[in-house]
Every structure is written in C-alpha cells, then in structure tokens.
Amino acid sequence: MKSAVRVRFAPSPTGGLHLGGVRTALFNYLFARHHGGTFVLRIEDTDQTRFVPGAEHYILDCLEWCGISPDEGPHKEGRFGPYRQSERKSTYRAFAEQLIQQGHAYYAFDTPEELEAMRERFKSENNPSPQYNASIRAHMRNSLALDASEVERLLSEKTPHVIRINVPANQTVVLHDMIRGEVHFNSNEVDDKVLLKADGMPTYHLAVVVDDYQMQISHAFRGEEWLPSAPVHLLLWDFLGWKNSMPQWAHLPLILKPDGHGKLSKRDGDRLGFPVFAMDWHDPRTQELTRGFREMGFLPEAFINMLALLGWNDGSGEEVFDRSQLCERFSVDRIHKGGARFDFEKAKWFNQEWIKRKRDEELAPQVCERMKQQGIQVTQEAITPLIGLVKERCQTLMDFIPQLDYFFRDPVSVDWNSIRAKWDSGKKNFFTEWSNELAALAEWKTEAIEDSFKQVAIRLGIKPGEVQLSLRIMLVGGKFGPPVFLIAHYLQKDSTLSRISHAIHILDDAASS
RNA sequence: GGCCCGUUGGUCAAUCGGUUAAGACGCCUCCCUUUCACGGAGGAAUGAGGGGUUCGAUUCCCCUACGGGCUACCA
C-alpha cells in the first residue's frame, strides 16, 4: 500500500525567499532524494493583493542557486499541473460546494464591517479575539442561520459571500506528526475558517488540501507556525473523503532571531548586518534592495549545509556535508522539535570550510567577477594561482577582494603608523641598499628575494625580522596576507621596487617635517 | 486571554534510564609563524525549578516557570 514519495514546497510569491523558506524547501528536497521521490514546487498565489511580480522567478532562481531545483513546478510541467494556484482557481469552487451539500460548509454573507462588529461585540477580557465558531455563527448572516429563501435570494442577487467550513462541536482531532508525534485539538477551539473567498479564490486552507490531494503529495513539510491550523486541514481531508490519501505531516521547528525573541525576519538581518534572503531581492514596488547570501559572498554548498544543520543533525558529530551526503543521511526522525537560533558566525564558518574545500579554479570566476565590480583590473588567469595563497584567510567571497587587491594595484591605504614608530636611518639605509640588490637580481624567485633580504640585513647588522613587517606594510598596506616574499615574487620586480621607494619617500618626508 | 508547540553551555547540539554529560561555532591560553590566517595543544562554559515513577533520572510522567507559534476573505 506504499505509494511513491511526493513532496512539495509551496511558497507564496510575495517577496524575497527567506532562510526558513529555503530550509523548508531543502528538507523537502533531501527527503525526496533520500527516498527516490519527487520534489514539487507549487506557487501559492491565491492572495491577489499580495502578489509581487518577479517573485516566482526569483524563488526558482534561489532554488537553482542552492542546487535544489524542483522536479515539477510552473517551470517544468509534470502530470499534476498547473502548479500555480491562481491557474487552478476553477477546481476549488466545486469542492467547496460539495462540502456545502454535505453540510460541512456554508455560505457566509457577512461583510468585513460586520465581522469587525462581531469581534467588537463578543470581545472580552477573557477572549480578546472571538472566533467565528459554533456559538457565534448562529448570530451571523450565513446559510446556517438564515432562512433558505433568504439565502436563495442573496445568492441569486450575487451578494458577495464566502464559504466557511462548518467545524463540528466537541470533537477531538488528532494529528500524527512525524516530528511531534500525536497532537490533540479540541474542535471547539477551531474556528470556521474561510475556505473560498469572495473573489472566488480559495484560501490556503482549502487549496492546500485540494492540491496536496490532486498532486498526490505523500509527505507534507511546513513550518511550525502552521500547527494551529492543522485541525482545519485534517477535518477537510476527512470531509472530502480523502482521509486515506492524506500525506504524513511534519511541522518543522522555527528559525529564531540570534538575539531577542521571535522568529527570524528580514528586519533582523537589516538590523544585525547579515543576510536573511538567499539572494538579493529587489522589491519592484518599493525599489528597496535586500542583500542575499549569494551576493554577500556565500557559496551555495555552505548555505545549504548550514541550513540543513539548523534543526537537524545526523548524530555523527560531523558537520560538513555536500548535497549528496545530506541526501544520503537525512532522516525525519532526527529533526529537532525546538526552534533554533540563527548564528551568523557559524554560517561564516561553514562558508570558510567550503571555500577551503573548493579548488582554486572553481573559485576564480566568482572572485574575478567581484573584483571587477570593485573596479580592479584582473583576469581569471592572473587570479587563479593567487587564490590558493589567500583562501584560508577568507570567510566569504568578498574577503578575497582586500586579500587580492594589492597584487593588482598599489595599496589603497597603508598603515604607515606601524612602520613609522620604529623607522630610523638604519632601516632607511637597509631598504635603500636592498633595493639596489633587488634591481640587480638575475632571477625573480621567492627564495632569491628572501636570501638577498637576509644577506643585506646581516651585512648591515640588522635582524631580518626587524624589517620584515615594514616590508610587508610597504607592499601590502597592512598586517595581513601570505608570506611576504611570496608576495614580492608575484608582484614582480618593478612593483616591488616602486612600492619600497615610494615608502621611503613618505617616511622621510614625515621624519624631516 | 485562549489553544498549540517547545526547554542540555552564549549559539548549534550528542545522549534514545546507568557517561568523568560528546562534538562544533564563538571566547581565552599556549605552540607554529617576527603579518593575518590555517593547523596543533589546552581552558572556561550546559541538563529552568519542583514533585513523582525507578535500585538509578538529562532521559519517562505531572505541575510551575520561561520561550515561541497561532488566534485575517495572509500565507
């Protein structure tokens, strides 16, 4: 009786794709791959007021960047399309009507104002947000409370109306969650959710059930914030007579703010200086640009690795996994129940691990691109051999820029103070002497450069170590980077000499003034 | 307020009744290196509280506290 594994990621195209969304997509993907199943993308665009052009395409791009592209979706029609709920609009109404015939739903003609008035009227200290439920629906304008003839009239006059679920009283609805086990709900606490809106579109509640059924979804992963509405969905699966086809549910733990309280939001990223969206999101309405992990210099391998370990682990103590390892090791019973705080430091560590693991040639194109964006004249060929020199110093792709910049142009800023403190005629003499030696050097090789440096130092009675930091600052601009003689080697003779002589002038001027 | 979920170091977390309560990030010290990193060796730091169950509870149950989610014709 075991059917094929089919899972879906069902975002609504309302803006950038959040970390938590990507993780839900990822867990779906990993589960599907682990079980040889199918990963479906369904666009939940039933709220026309929140629709944002470009968002769907952006979501697809994010998933592709992460390497977790869906097997079916609006981009890749399968046997279960269409994959946009707006394009499935016509299918929902019939099910809503069917529920009415069976007494499991009813028409409601209440206007937004009337609903507001109801909430005001029944609001109390003990019940600040009254629900549209068994005790209240008798007081409202719906097909359960009104005369049949009146309902007939309202309908024939095309009075705007919605269809609500008729939640039975005094029932215990039991959810069997793959992560949380049994969760019990009392139907008296569940309100008569709108199933079909006045504009004819279904709400999430109806659409998720109809679509999961029609798309033959076997396992449904979603965020924990959906747990409270699970009984509505369970009831619908039952009412529609599809109980035996219902997917197994898994409510994922939330990703929380690093500080303070609540679930992680885009605002936290803005506030704390880290990305929350997978990729840059440019809001077409507000023109606002929100930075993404990709543009901040993260590798997709690191991004999904980090996300996979947020709320799940394989118990081995290992943490760095590539996509295929994740697919292999993923299992629902090792998903956590509790929410996990997002830690940007750890995210950067994952990225650094992945940068170290990547071959220089793989990194080169992206690093090259980023340097060009900064106006630095570079080529992939020139950069590739340098990447290995600096990559263990980089946590993001952006870190390569300052690490590589000085190889291609004179340092933009120089930490003169670090040299000046101990600058004297002896040192000036040393660098002048050494420059002459370098100029005459036959072979521009790292070892030869270093040898000559040491020889001149010894000849002048200076410890090589005492002038090495000065040299580094002259060439690099600061106290960082690979071994200094290696840098001189890559810099070539002319640049090396010119930076040294430029430094001597600067330091001399400062000394004489 | 109500309903639901959760709770091991600062953070991610292992443990599925018996451990000196792993490991990782971050932090600190030292080594390597006259830069910064990488690497290596150490260190500080954890079972929310109270009741049970049990020979024995971090592990099972209950209560409390705390945290979170939901409470729309949004998903």
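Only a predicted model underlies this, so the values are computations on that prediction, with no experimental measurement involved. Both backbone and side-chain heavy atoms feed into the values below; hydrogens, waters and symmetry mates do not. In the text below, chain A, chain B and the rest are named by the order of the sequence lines, each starting its count at 1.
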Q. Think A/Lys123 has a side-chain N or O under 4.0 angstrom from the OP1 or OP2 of B/G2?
A. no
- Have a look at A/Ala340 and say if it touches a base, only the backbone sugar-phosphate, or nothing, with a 4.0 Å heavy-atom cut-off. sugar-phosphate
Of the candidates B/G10, B/C73, B/A75, the side chain of A/Asp343 sits closest to B/G10
Looking at side-chain heavy atoms only, is the closest gap between A/Tyr107 and A/Leu144 below 4.5 Å? no
Can you check the distance between B/A57 and B/C62, where both ends of the measurement are the C1' atom (answer in whole Å)?
15 Å
B/S/- along nucleotides 28-42 of chain B (protein heavy atoms under 4.0 Å) is ------BBBBSS---
message: Under 3.5 Å, is there any donor-acceptor pair linking the side chain of A/Lys346 to the base of B/A24?
response: yes
To the nearest angstrom, the CH2-C1' distance between A/Trp354 and B/C25 comes to 18 Å
Separation of B/C3 atom P from A/Glu189 atom CD, nearest Å, is 6 Å
Each base of RNA chain B marked ( ) or [ ] if paired in-strand (Watson-Crick or G-U under 3.5 Å), | if paired to another strand and . if unpaired gives (((((((..(((.....[....))).(((((.......)))))....(((((..]....))))))))))))....
Taking the P atom of each, how far is B/U71 from B/U64, in whole Å? 25 Å
A/His336 atom NE2 is separated from B/U11 atom P, nearest whole Å, by 14 Å
Remember a base hit wins even if backbone is also touched, and classify A/Ser229 as base, sugar-phosphate or nothing at under 4.0 Å, heavy atoms.
nothing
Item to check | Sugar-phosphate, base or nothing in reach of A/Glu44, heavy atoms under 4.0 Å | outcome: sugar-phosphate
- Item | Pi-cation contact, A/Phe400 with A/Arg370 (under 6.0 Å, within 45°) | no
What interatomic distance, in whole Å, is found between C1' of B/U34 and the corresponding atom of B/G23?
-> 35 Å
**Message:** Using a 4.0 Å heavy-atom cut-off, does A/Arg180 contact any base of the nucleic acid, only the sugar-phosphate backbone, or nothing at all?
**Reply:** sugar-phosphate
Base, sugar-phosphate alone, or nothing: which one does A/Arg222 contact when heavy atoms must sit under 4.0 Å apart?
nothing
Determine the contact category for A/Gly223: base if any of its heavy atoms lies under 4.0 Å from a base atom, sugar-phosphate if only primed atoms, P, OP1 or OP2 are that close, otherwise nothing.
-> nothing
Between CD1 of A/Ile179 and P of B/G6 the distance, given in whole Å, is 11 Å
Side-chain atoms of A/Leu227 come closest, of B/A72, B/C4, B/C73, to B/C4
> Would you say B/C70 has OP1 or OP2 under 4.0 Å from some side-chain N or O of A/Lys263?
Replying inline: yes
Give A/Asp199 one of three labels, base, sugar-phosphate or nothing, depending on what nucleic acid heavy atoms sit under 4.0 Å from its own. nothing
For this session: Tell me, please, whether A/Phe122 has A/Arg119 positioned over its six-membered ring: NZ or CZ under 6.0 Å from the ring centre and within 45 degrees of its axis?
Result: no
Rounded C1' spacing from B/C31 to B/A37 in Å: 15 Å
Exercise. Expressed in whole Å, how much space separates the C1' atoms belonging to B/G47 and B/U7?
Worked result: 10 Å
Looking at A/His261, I'd like to know whether one of its side-chain N or O atoms comes within less than 4.0 Å of OP1 or OP2 on B/G67.
no
message: Mind checking if A/Ser12 touches a base, just sugar-phosphate, or nothing, with heavy atoms under 4.0 Å?
response: sugar-phosphate
Rounded to whole Å, CG of A/Leu175 lies from P of B/C3 at a distance of 18 Å
With A/Phe303 as partner, the option from A/Phe277, A/Phe293, A/Phe298 fulfilling ring pair (Phe, Tyr, Trp, His ring centres under 6.0 Å) is A/Phe293
Report task. Report yes if a side-chain nitrogen or oxygen of A/Arg341 is closer than 4.0 Å to either non-bridging phosphate oxygen (OP1 or OP2) of B/C12; otherwise report no. Result -> no
- [ ] Validate the cation-pi geometry between A/Lys427 and A/Trp423: distance from NZ or CZ to the six-membered ring centre under 6.0 Å, angle to the ring axis within 45°.
- [x] no
Whole-angstrom distance between B/U58 and B/G49, as gauged at atom C1' = 14 Å
Taken to the nearest whole Å, CZ/A/Phe185 to P/B/C70 is 14 Å
Check the surroundings of atom NZ in A/Lys358: do more than 12 heavy atoms from other residues, nucleotides or ligands lie under 6.0 Å from it? yes
(message) Heavy atoms only, 4.0 Å cut-off, all strands: where does A/Val162 land among base, sugar-phosphate and nothing?
(response) base
Whole-Å distance, A/Asp177 CG to B/G6 C1', equals 13 Å
note: A/Trp312, atom CH2; B/A14, atom P; distance rounded to Å ~ 11 Å
